[in-house]
Structure formats: structure tokens, C-alpha cells
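Let me begin by presenting the structure, written as C-alpha cells, before commenting on it.
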Amino acid sequence: MTPATLDDFERLAGEVMAPGPFGYVVGGAGDEVTLGENRAAFHRWRLRPRVLVDVATVETATTLLGTPVAMPVGLAPTARQRLLHPDGEQAVARAASAAGLLQVVSTMSSDSLEAVAAASSGPRWFQLYVHKDRTVTQRLVERAAAAGYGAIVLTADFPVSGRRERELRDGFALDWGGLGNFPDLGGVEFLPLMTALHDQRLAWTDLEWIRRVSGLPLVLKGVLTAEDARLAVEHGCDGVLVSNHGGRQLDRVAASVDALPEVVAAVGGRAEVYLDGGIRRGVDVLTALALGARAVFVGRPQCWALAVGGEAGVMQMLGILRDELVNGMQLLGTPRVADVGPAHVAPGLPSAVSSR
Ligand SMILES: Cc1cc2nc3c(=O)[nH]c(=O)nc-3n(C[C@H](O)[C@H](O)[C@H](O)COP(=O)(O)O)c2cc1C
């Protein structure tokens, strides 16, 4: 099968991946209510197209914290990408660079952050999990700054791991030795290790320290409420990433796209607002932009594409999303990213919702 959509990559990945790793990537926490809602909620919004707009030329380019990118879509951080392909994060780095897109590299990458940077010629941010031993974290963010990462993306929704029951059922527990940024760790299970290392005492007052030691702009990932969005801005965050970790942490929280409007309103233009969770279509991107996101990030689709075709697979996946976005912008009557606004989206009628 030639993949025509991002979901096709999931089907193809299911054919090439062993059940354990596949379940680890596709699964969510608990009953996977939030995982399903991340997609379903997009289906409940309706686009409001304008006609007779000159769409002969479409420009998808935008900027993220001042950095030019080819479209308002980036690669979300996902851990240990060599689980999917031997080239791991370096393959994603090459694909993202070729496409002119932003890659967010996980603290828990297979390759060291320096190795990923060496493979990248494009914009990249570093996703941070804060270690109980702050000297480890300080060293990590200093390395990220030295390696040319343009911002720190602090993941705030992972004081402990969510309960991912597919992994329990599959008995899937990797020995996650070989983490590129922590070459000394090995022979231990990954999720208990993550919980043991993460600082559950991390608090708003720590943000200032992270900004200081990194010297980089700070994006807070995992915000779902107006209250936390306001605190993020008050504590100097440059960006707020509306995310429920792809439904992998607390189940039954809101779909990202449903949390987006209250976060956008609370931020009030004082920081850039991004979204991840359930982005599978160009029209998902347009819906998020219309609701006030500056850009969106894709998580699982890059994992599937990487598993299916390595660097070429990720390129192909990003090309499909770009084609869908361009097509959607032409049909919505919005030739530039900045043209997409609140008037282009409305809640779906209840009848349309209940017929699904
Ligand atoms: C396999 C996998 C690993 C992930 N690892 C990380 C990680 O290391 N750090 C992080 O902040 N988020 C991580 N995430 C969450 C993603 O960054 C993102 O929030 C989520 O995947 C977006 O939802 P989507 O998969 O529906 O696009 C991971 C997600 C998946 C699927």
C-alpha cells in the first residue's frame, strides 16, 4: 500500500513493528478516553470557508519564536526513536531539515543531543525532563544551548508516568539503556527509571532557574487550563504548548483542541500558543490555527513514518501533511497562514456530532 494519509502510516507500521513497541507508540493511558478524544474533538469543529479569494499562490511559511519554518507544523518530541528505526532521531533531523521544519528533540532520545544537532541543518528545540539532581539538568540544558538548540521545551505533565495498560498486558518493558544523553544508564526498565529520576517537586518557581541556566526561550508543554496558561505567562514563558501528552498521561482530561480556546484567551497574545495531540490532517492544522494556535506538532505520525521508511518515510509523511494543508488553505480561502482566523471555524451542529 502506498500511504495516502497519515493514518495509512499507522496501518503500515502495525505490519512492520512487533506488537510490544507498536502498542507502546499507539497506546494511551487508562481507558484511552483522552487518546480517542484528541481525534474525535477535531471532527466536531466545522470550517467556514470564504469563496472568491485569490488562492493561486499559497504561502505556508511562518515563524516560531522568530525562527522561520516552512509550515506551522513541527515534530513533537518522542523518546527513543531507534526503537523505530536504526537511524533514530538523526533520520528525523535530516527529514525535518530538508522540509524546513522544527524538530523538538526529547531528553530521552536514543542519540545524544549533539549527534542529532550534527545531523540537523534546520531549527531545533530541546525537550526537557527535569532530573532530581539539578546539576544533571543544568549540564543538559547547557549542552543543548551549546549545540544550537533554539529553545527549551519543558514538559510539565510528567511528574510520574501515566498508566499505559497496553504495555502492562503485552509485558512490554524495555531495557532502556542506550539513552544518548545518559550513556551511563543501562540494565534498568525505562518507565520506573523515568519516575525515579524525574523531580516530582518541580514547581513554577523553578522556571526562572531553567531560563537562567539555559539562556534560551522557554516553552511550557502540557498546559490544558486557563489558570496554568496565565501562570506560564506570569513566569516568563515565551510559548505555551497545549498538550495532554497524546493521551498518555492523565486519562479523561480534555482533548487538546477543546482546551485550546481557553488557553488562547488566557494568554491573550503575551506568548505563542501551540498544540499537539491528534493532528493527522491538514484540516486539523487549519482548525487549530483558526482557534488561535500559532503552530501544531505531530507525535505518533513521525514514529510510524520512521518505522515504515526511516528518513524517506518521515519526508513522505510531512509531504502528505503539507499537500493537505495547501489544499485546505486554497479551499478555505486563506492563501497565507496569517489569514486563518476565528471566523474560519465554528462548533459543529449537534446533529452532525451525534451522527458520528
Ligand atoms: C512514543 C511516544 C514517546 C513520547 N515521548 C515523549 C518525550 O520523550 N517527551 C515529551 O515531552 N513528550 C513525549 N511524547 C508526547 C509527544 O511529544 C506529543 O505530546 C504527543 O505524541 C502528541 O500527540 P499525537 O501523538 O497524537 O500527535 C511521546 C509520545 C509518544 C507517542
Side-chain angles (χ1 to χ4, degrees), residues 6-7 9-10 13 17 20-29 32 34-42 73-85 88-89 92 102-111 113 116 125-130 140 151-159 161-162 164 166-167 172 174 176 179-182 190-191 193-195 197-198 202 219-224 240-250 253 255-257 259 274-281 284-285 288 293 295-307 317-318 321:
L6 270 55
D7 282 338
F9 282 98
E10 177 175 359
M17 290 176 73
F22 184 69
Y24 162 71
V25 173
V26 297
E32 301 187 339
T34 297
L35 175 67
E37 272 289 289
N38 273 352
R39 294 288 307 120
F42 273 112
V73 178
L75 286 309
T78 74
R80 272 306 295 265
Q81 293 186 337
R82 270 198 223 158
L83 176 66
L84 303 152
H85 190 275
E89 290 81 9
V92 175
L102 178 76
Q103 178 190 20
V104 185
V105 179
S106 170
T107 287
M108 299 295 172
S109 53
S110 317
D111 297 316
L113 65 90
V116 187
W125 293 349
F126 183 70
Q127 178 269 324
L128 182 66
Y129 283 132
V130 175
L140 203 54
I152 298 294
V153 179
L154 175 66
T155 299
D157 60 7
F158 204 120
S161 172
R164 318 221 182 111
R166 293 196 204 210
E167 288 159 51
F172 181 70
L174 283 170
W176 285 60
L179 292 172
N181 293 321
F182 306 99
F190 180 64
L191 284 178
L193 173 80
M194 296 258 288
T195 299
L197 297 185
H198 280 187
L202 190 70
V219 175
L220 196 64
K221 177 174 186 277
V223 172
L224 289 172
V240 174
L241 174 42
V242 178
S243 171
N244 50 41
H245 216 104
R248 298 164 77 81
Q249 286 297 94
L250 182 62
V253 300
S256 306
V257 71
Y274 318 116
L275 171 141
D276 75 22
I279 296 286
R280 303 290 181 270
R281 289 282 190 185
D284 297 334
V285 182
V296 300
F297 292 85
V298 286
R300 291 179 183 82
Q302 75 177 290
C303 298
W304 304 325
L306 188 58
M317 181 276 290
L318 293 171
L321 199 51

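Read the numbers this way: they start at 1 and go in the same order the structure lists the ligands and their atoms.
Judged by the 6.0 Å and 45° rule, Arg300 forms no cation-pi pair with Phe9.
Put simply, the side chain of Arg164 gets close to the backbone of Arg248: a donor and an acceptor are under 3.5 Å apart.
Comment: Asp284 engages Arg39 in a salt bridge, judged by a side-chain N to carboxylate O separation of less than 4.0 angstrom.
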**Prompt:** Going through the distances and angles, do Met17 and Leu84 end up as a side-chain contact (heavy atoms from CB on, under 4.5 Å)?
**Reply:** CA-CA 8 Å; Met17 290 176 73; Leu84 303 152; 3.4 Å; yes
**Request:** Carefully, step by step, assess Val73 and Ile279 under the rule side-chain contact (heavy atoms from CB on, under 4.5 Å).
**Result:** CA-CA 9 Å; Val73 178; Ile279 296 286; 5.6 Å; no
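The residues lining ligand 1, counting any heavy atom closer than 4.0 Å, are Tyr24, Val25, Ala76, Pro77, Thr78, Ala79, Ser106, Gln127, Tyr129, Thr155, Lys221, Ser243, His245, Gly246, Arg248, Asp276, Gly277, Gly278, Arg280, Val298, Gly299, Arg300.
Here the rule is side-chain contact (heavy atoms from CB on, under 4.5 Å) with Leu75, and of Val298, Leu102, Asp276, Val104 only Val298 fits it.
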